[in-house]
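One structure below.
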2 protein chains.
Amino acid sequence: MKTVPRISETEWEIMRVIWATHPITAAEIIAKLMEEDATWHPKTARTLLARLVRKKVLDCERKGRAYVYAPRVSERECVGMASESFLDRVFGGSLVPMLAHFVEERRLTRKDLEELRELLEESYKGSGPRRK
Amino acid sequence: MKTVPRISETEWEIMRVIWATHPITAAEIIAKLMEEDATWHPKTARTLLARLVRKKVLDCERKGRAYVYAPRVSERECVGMASESFLDRVFGGSLVPMLAHFVEERRLTRKDLEELRELLEESYKGSGPRRK
DNA sequence: TGGCTTGGCTTACAAATGTAAGCTGCGATA
DNA sequence: TATCGCAGCTTACATTTGTAAGCCAAGCCA
């Protein structure tokens, strides 16, 4: 069971861009980051990219005069780890209170509620007696 | 709008103990921590406590020869901040995908599903047309 | 063709975090 | 009463994280 290296808060912003689109060059990544938040500094982003490569979270390959980056770990996997860790840390691992918090805290649209209801239906059907 | 100082991963473990029971002495805190995870080192816990006091997240007051600790920030508040930050970081702020992740990923018991369904009902009633 | 720009490589540096270890009294114990 | 063991105070120290700044080479623009 390989463990995904820890991805820091700022690194997540970069990873999200790369998971969304790859392979992708540093310049493109930086452009996308700055669209969201103009305070991103290119040098900073490049440092973070290098770190992610060093951590083996990203792959980089020369492409002409620049590098293109691609993820080496799946988003699914990382989301899983981060979610697990968050759940444990903040809610002591109890799922229902956590979900309750979000449902109560945030005003959900009717549409959101519909979607969630459907999800639950699905899950309900799936939850047979053979649950570990 | 006062901002709660950032609480680190290990600090959360301590805070959860204190929110659950306070005022409480360092020795009691350490005992509780070690119940859960025997690898906790008393010296480490004390260092963390001192940091939390310095950060003004905890209050400490002399009580005889020892200190008793109490929270200065509400759990609710901290849970809110941490949840917000997690949601943004890992799911780009989109609530429904996040909830979907948890519902899909973890096998929920029928009972859990019932509870959630009820929560949704509640929320549904509350969500009127005047949603900002 | 001579800068200006941009990409990449190297280096910097403070703050936060995890993880303790020493030293110094006070109170309980032998 | 001499001693041990905690409680707290002070200090340590390697990593990780956030945030860049220098320097050098290859293109690109004028």
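Lettering follows sequence order; numbering is per chain, from 1. Keep in mind that what you see is a predicted model, and the values were worked out from it rather than measured.
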TODO: Please state how far atom CG in A:L33 lies from atom C1' in D:dG18, giving the value in whole angstrom units.
DONE: 14 Å
Task: Euclidean distance, atom CD1 of residue A:I30 to atom C1' of C:dG8 [Å, nearest integer] - done: 11 Å
- [ ] For A:I29 and C:dT6, give me the distance from atom CD1 to atom C1', rounded to whole Å.
- [x] 16 Å
- [ ] Would you indicate, yes or no, if C:dG18 has its OP1 or OP2 atom less than 4.0 angstrom from a side-chain nitrogen or oxygen of B:H41?
- [x] no
Task: Single-linkage hydrophobic cluster B:F91~A:W12, side-chain heavy atoms < 4.5 angstrom - done: yes
Task: B:R6 vs C:dT17: side-chain N/O to OP1/OP2 distance below 4.0 Å - done: yes
Task: Distance test, side-chain N/O of B:Y69 to OP1/OP2 of D:dG8, below 4.0 Å - done: no
TODO: Ignoring the backbone of B:R46, work out which of D:dG8, D:dT17, C:dA20 is nearest its side chain.
DONE: D:dG8
Open item on the list: Distance check needed: C:dA20 C1' versus B:I14 CD1, whole Å only.
Closed with: 13 Å
Open item on the list: Just to be sure I understand the rule, does B:A50 reach a base, reach only the sugar-phosphate, or reach nothing, if contact means heavy atoms closer than 4.0 Å?
Closed with: nothing
Task: Side chain of B:A27 - closest among C:dG7, D:dA7, C:dC9 - done: D:dA7
- [ ] Drop me the distance from A:L113's CG to A:E118's CD, to the nearest 0.5 angstrom.
- [x] 12.0 Å
Task: A:L48 side chain, from C-beta outward: closest of C:dG8, D:dT19, D:dG8 - done: D:dT19
Open item on the list: Just so I know, are the side chains of A:F102 and B:L99 near enough to count as touching, which here means a heavy-atom distance under 4.5 Å?
Closed with: yes
Open item on the list: Could you check whether the side chain of A:R51 and the base of D:dT16 have a donor-acceptor pair of N or O atoms closer than 3.5 Å, going by distance alone?
Closed with: no
Open item on the list: From CD of B:E13 over to C1' of C:dT19, roughly how many Å is that when rounded to an integer?
Closed with: 13 Å
Task: Most 5' of A:I7 and A:W40 on DNA chain D, judged by nearest nucleotide - done: A:I7
- [ ] Can you check whether any acceptor in the base of D:dA20 is under 3.5 Å from a donor in the side chain of A:T44, or vice versa?
- [x] no
Task: Distance in angstrom units between A:W12 CH2 and D:dT17 C1', rounded - done: 17 Å
- [ ] To the nearest Å, give me how far apart CG (B:L49) and C1' (C:dT17) are.
- [x] 15 Å
Open item on the list: Should the side chain of A:K43 and the base of C:dG7 be counted as holding a donor-acceptor pair, with the cut-off at 3.5 Å?
Closed with: no
Task: Atom pair distance, as rounded to whole Å: CG in B:L58 and P in D:dG8 - done: 13 Å
Open item on the list: Any base atoms under 4.0 Å from A:T47, or only sugar-phosphate, or nothing? Heavy atoms, all strands.
Closed with: base
TODO: State which of D:dT17, C:dG7, C:dG25 makes the closest approach to the side chain of B:R65.
DONE: C:dG25
Task: Close side-chain approach of B:Y69 and B:P23, heavy atoms under 4.5 Å - done: no
TODO: Could you tell me whether B:K55 contacts a base, only the sugar-phosphate backbone, or nothing, with contacts defined as non-hydrogen atoms closer than 4.0 Å?
DONE: sugar-phosphate
TODO: Measure from the side chain of B:E9, starting at C-beta and using heavy atoms only, and say which of D:dG8, C:dG18, C:dG8 lies closest.
DONE: C:dG18
Task: Nucleotide of C:dG7, C:dT17, D:dG8 approaching B:S8 most closely (side-chain heavy atoms) - done: C:dT17
